[in-house]
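Report on the structure given below.
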2 protein chains.
Amino acid sequence: MRNAVTLKDVARETGVHVSTVSRALGPNAHNTLTEQVITRVRDAAARMGYVPNRLASGLRTNRTMTVGMMIPDITNPVFPPMVRGVESVLEPLGYASIIVNTDNLVEREHRLADILRERGVDGIIHAAVLRHDPRIDAIVAQGTPVVTANCSLASPDIPAVVSDDAHGIHLMLHYMYNLGHRAITHIAGPEELSSGQIRRKAFIDAAEGLGLHLPDGAIARTDRFDEAAGHRAAQHLVQAGPPFTAILCASDRLALGAIDYLRSRGIDCPAQVSVSGFNDIPMLDLIPPRLTTVRIQPFEVGRVSAQLLLQIMTDKTAACPRETVLPVSLVVRDSVTVAPDRPVSTA
Amino acid sequence: MRNAVTLKDVARETGVHVSTVSRALGPNAHNTLTEQVITRVRDAAARMGYVPNRLASGLRTNRTMTVGMMIPDITNPVFPPMVRGVESVLEPLGYASIIVNTDNLVEREHRLADILRERGVDGIIHAAVLRHDPRIDAIVAQGTPVVTANCSLASPDIPAVVSDDAHGIHLMLHYMYNLGHRAITHIAGPEELSSGQIRRKAFIDAAEGLGLHLPDGAIARTDRFDEAAGHRAAQHLVQAGPPFTAILCASDRLALGAIDYLRSRGIDCPAQVSVSGFNDIPMLDLIPPRLTTVRIQPFEVGRVSAQLLLQIMTDKTAACPRETVLPVSLVVRDSVTVAPDRPVSTA
DNA sequence: TACCATTACGCAATCGTTTTCGAAAGCGTT
DNA sequence: AACGCTTTCGAAAACGATTGCGTAATGGTA
């Protein structure tokens, strides 16, 4: 922004008024200007290396051509593809994305939301919503379009793009059931995240649908979707839970942690205990036992979210689907196999 | 930005002039305003939910409190920690980061550089520089502070924060040598990336230092740092290269691809061929054979880059180190072991 | 009381664009 | 030739914040 060439410079160069330059450079210049002037201005602008100042134009028009993305942690392999998915539709249109990591911390989320507001983002893709989130409601009320990706809010009215979590759990549980498993436990994700809660509920529903009895302690809850939490949860299941032959985990990383714990106890996966994941993060097919999991489509989630957001941003009145759910698929690998004769138990 | 409350609103509410409000909210209000006014204004601002409009202030001051990060691909596990490292220093100060993925495509890089310029970013952290990059020179010339992370430019004068690639290669080659390897090949990264070039040169230097003879075809070049490229390169080495007992790869993903190819050919790693990586991306310790690699510190690279950038942004005259190199360390795992009696060869 | 220095605040220009409004010119019609 | 319509462009007012400058008010001093 040091020696930036402005409209005024181009105007002086071409001998027309700055408003004329502005129009000439705009998309529908042909409605209002003569062909000759348009080319003259555009040539000069190109030659002089003019690049528009989005600060100024944003100030005037209330459109910054910038969107915000709130995600829990870019370090989590689920999110980079989502980011690319968003980018794939927004970047060709000239949008820039400000990416912030909330770490699922409410205070951080507030600060970061302000950082986005200050910059007047045209919209927000929120992949880190807690299920109850007054701050987001406030942002929406303020008029900024928001769509949630990979998560959905408890409060309605704001579009969500999610994977078919319930169906994924359903697929996996039935798969286990068909392999003879009857004592199946669940390592659930954080309850304040919709994915954690929905997957847990889906597990209960699917179990009920199969007529499976879920004894007390069959579900271990965690506060994070990471390996350490999975490790602890598995420990809890083995030491304090009912006997079981399989663990259906709410995420791949939880599953990795669980398998790690089992191994440390000399319990073999899948020979003694089957373990499944969710998400299908990269490189899982290289890690033994190759994890049987549910594949979601993070890139697609991002792409569709962006398209929806775009739609709302360009036409706020446009009705748009409250919830878009994307299909998931079962990825059969090695970590889930036929049920052994006797379950692992506390003894 | 719909119903945003502005300085004017706060001014009307408190009965003072908007310039007074501006000053009252600024950092050194106490130099110029009475305590009473300051608190009255600040209270009102807080109560009314005032949030400053960075577009307006940026327009006026030429500081947007926004930085740009150019990376090749956020999907590559090396970069997310780097992003977090940058964030760790910039975010607490109120900066936002616009992240763009260049995919190492020159055309994309140009467009994305413009996207950043349009928004008047205060500085750019560039982790995707090609070694020769006129566009970046132009940006620097225009007055925007730039520091390169993980890469360095052929042209000098712009600060770079890099890992000690040469030393990492040196460590690894010596480690292999001490395990008895004499026929060692190298899968190199893209030559237009500094990390690719530097690591290849370091390999040659270190080999020379050890008195190792490098026959023709001992170095396979690739055009990308990914598994597919590693796969192809390994194929090339096996089919057309000299006999060898070890492959020193310029990145973990190249190594993964190479091992995959070897396995497909029934060649065991590490029993028949040792393979090493570089970077130490996450989860490598879960994938057999557990990859012996060189650990770099991407978070630190990001952190230091951001600190440097900050320094230049706040005081453009400040001299700052042309090149900061961060230490690396050897991570010994399973994929490199003592040399077998006879090397793998074309026959 | 008059005067000067200081304090505390208001005034207004400015950053680069967009956009409404109006004016001038061109053209056809009667 | 007078009139009205369209086309093509300039003038100027915003958008919201910052800041140099001016000026009341204040306090202290002679």
Side-chain angles (χ1 to χ4, degrees), chain A residues 1-42 45 48-66 94 117-120 122 142-143, chain B residues 1-42 45 48-66 94 117-120 122 142-143:
Chain A
M1 281 317 178
R2 182 52 53 104
N3 300 326
V5 13
T6 73
L7 282 191
K8 204 190 297 183
D9 299 323
V10 180
R12 188 179 328 109
E13 181 77 8
T14 54
V16 300
H17 195 263
V18 4
S19 62
T20 306
V21 179
S22 175
R23 282 188 272 254
L25 265 25
N28 38 20
H30 295 275
N31 299 340
T32 168
L33 288 188
T34 195
E35 192 64 36
Q36 189 190 15
V37 175
I38 295 181
T39 59
R40 189 155 51 98
V41 169
R42 291 197 171 166
M48 302 172 68
Y50 169 78
V51 0
N53 184 329
R54 297 259 179 222
L55 292 188
S57 80
L59 183 59
R60 179 63 226 259
T61 61
N62 265 319
R63 302 191 63 228
T64 53
M65 295 298 281
T66 304
R117 280 185 30 181
E118 289 176 359
R119 279 144 185 97
D122 293 336
Q142 195 213 6
Chain B
M1 280 315 177
R2 184 50 54 103
N3 301 325
V5 12
T6 74
L7 281 192
K8 204 190 297 184
D9 299 324
V10 180
R12 191 180 324 111
E13 181 77 7
T14 54
V16 299
H17 195 263
V18 6
S19 63
T20 306
V21 179
S22 176
R23 281 188 271 255
L25 265 24
N28 38 20
H30 295 276
N31 298 341
T32 168
L33 290 189
T34 198
E35 192 65 35
Q36 189 190 14
V37 175
I38 295 181
T39 59
R40 187 154 51 97
V41 169
R42 291 198 170 165
M48 302 171 69
Y50 169 77
V51 359
N53 184 329
R54 297 257 179 224
L55 293 189
S57 80
L59 183 60
R60 182 62 225 259
T61 62
N62 264 317
R63 302 193 62 229
T64 53
M65 296 298 282
T66 303
R117 281 185 30 180
E118 290 176 359
R119 274 131 188 112
D122 293 336
Q142 195 211 7

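First the proteins, then the strands, lettered A, B, ... as listed; each starts at 1. The figures here come from the full heavy-atom set of this structure, side chains too, leaving out hydrogens, waters and symmetry mates.
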Interatomic distance, CZ@A/R54 vs CE@A/M65, rounded to 0.5 Å, equals 5.0 Å
A side-chain contact here means heavy atoms from C-beta on lying under 4.5 Å apart; do B/T6 and B/V18 qualify? no
Need to verify one output field. Residue with the more 5' nearest nucleotide on DNA chain C, A/V5 or B/R40? B/R40
B/L25 side chain near B/L7 side chain, heavy-atom distance below 4.5 Å: yes
Between the base of D/dG16 and the side chain of B/R54, is one N or O donor paired with an acceptor at under 3.5 angstrom? no
Side chain A/R63, main chain A/D122, donor-acceptor under 3.5 Å: no
Using whole Å, what does the distance between atom C1' of nucleotide C/dT17 and atom CD of B/E118 come to? 13 Å
Atom CG of B/L25 and atom P of D/dA17 are separated, to the nearest Å, by 9 Å
Between B/T61 and A/T61, the residue closer to the 5' end of DNA chain D by nearest nucleotide is A/T61
Taking only heavy atoms on the protein side, list every residue of residues 29-36 of chain A lying under 4.0 Å from any atom of DNA chain D, sorted numerically. A/T32, A/L33, A/T34
Whole-Å distance, A/N62 CG to D/dG16 C1', equals 10 Å
Working to the nearest 0.5 angstrom, can you tell me the gap between B/S22 OG and B/K8 NZ? 14.0 Å
Between D/dA17, C/dC21, C/dG16, which one does the side chain of A/R23 approach most closely? C/dC21
Output all residues satisfying side chain to side chain donor-acceptor pair (under 3.5 Å) with B/Q36, sequence neighbours left out; order by chain, then residue number. none
CG of B/L7 versus P of D/dT19: gap in Å, rounded? 12 Å
Which distance, rounded to the nearest 0.5 Å, do you find between the OG1 of A/T64 and the CZ of B/R119? 7.5 Å
Measure from CG on A/L55 to C1' on D/dG16 and round the result to the nearest Å. 12 Å
Using a cut-off of strictly less than 4.0 Å between a heavy atom of the residue and any atom of DNA chain C, enumerate the qualifying residues of residues 9-19 of chain A by number. A/V18, A/S19
Nearest 0.5 angstrom please: A/R40 CZ to A/T34 OG1, how far? 10.0 Å
Which one, D/dT19, C/dT17, D/dG16, comes nearest to the side chain of B/T6? D/dG16
Starting at CG of B/L59 and ending at P of D/dG16, how long is that distance when rounded to a whole Å? 12 Å
Tell me which nucleotide among D/dA17, D/dC9, D/dT19 gets nearest to the side chain of B/S57. D/dA17
Value for OG1 (B/T32) from NE2 (B/H30), rounded to nearest 0.5 Å, stands at 11.5 Å
Distance, rounded to the nearest Å, where B/R119 contributes CZ and C/dT17 contributes P: 14 Å
